[in-house]
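The structure appears below as structure tokens.
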Amino acid sequence: MNCDELVEVVTDFLDDALDAATRRRFTEHLEECDGCDAYVGQLRTTVGLTGMLREDDLRPDMRDRLLAAFRDWKADTPPR
């Protein structure tokens, strides 16, 4: 697995949704690539921290900006 392939499946990895062979390739790549290992670590931290947020932790204007950004991102993402 190369770095681009890892990025494509990182969400499935974090959700524990990879088949055994792909998971093995993923973890082997992490063992060899410090950049991807750091990337996955940053994503884990981000997911953990954002999971602790409550709706009232965000100012209303920031909430609206985040929702708009994800709406735009979703609209720009081609279906798989």
### Query
Is the shortest side-chain N to carboxylate O distance from Arg23 to Asp16 below 4.0 Å?
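Yes, Arg23 and Asp16 are salt-bridged.
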### Query
Any side chain to side chain donor-acceptor pair (under 3.5 Å) pairs touching residues 31-53, not counting sequence neighbours?
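For residues 31-53: none.
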### Message
Quick check for you: to the nearest 0.5 Å, what is the distance between Glu8 atom CD and Thr22 atom OG1?
### Response
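OG1 of Thr22 is found 13.0 Å from CD of Glu8.
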### Task
Output the distance between atom CG (Leu6) and atom CD (Glu28), rounded to the nearest 0.5 Å.
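So the gap between those two atoms works out to 12.0 Å.
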#### Entry: Minimum side-chain heavy-atom gap Phe26-Asp12 below 4.5 Å
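Contact flag for Phe26/Asp12 side chains = no.
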#### Entry: Glu5 and His29, any side-chain heavy atoms less than 4.5 Å apart
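The answer is no; the side chains never approach within 4.5 Å.
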### Message
Same cluster or not: Met1 versus Leu43, using hydrophobic residues (I, L, V, M, F, W, Y) connected whenever any side-chain heavy atoms lie under 4.5 Å apart?
### Response
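Met1 and Leu43: one cluster.
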### Query
Leu58 and Met52: same hydrophobic cluster, using ILVMFWY side-chain contacts below 4.5 Å?
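Leu58 and Met52: separate clusters.
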### Query
Can you list every pair that meets salt bridge (charged side-chain N to carboxylate O under 4.0 Å, His left out) and has a residue in residues 58-69, with sequence neighbours left out?
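Listed once each, the pairs are Glu55-Arg63, Arg59-Asp61.
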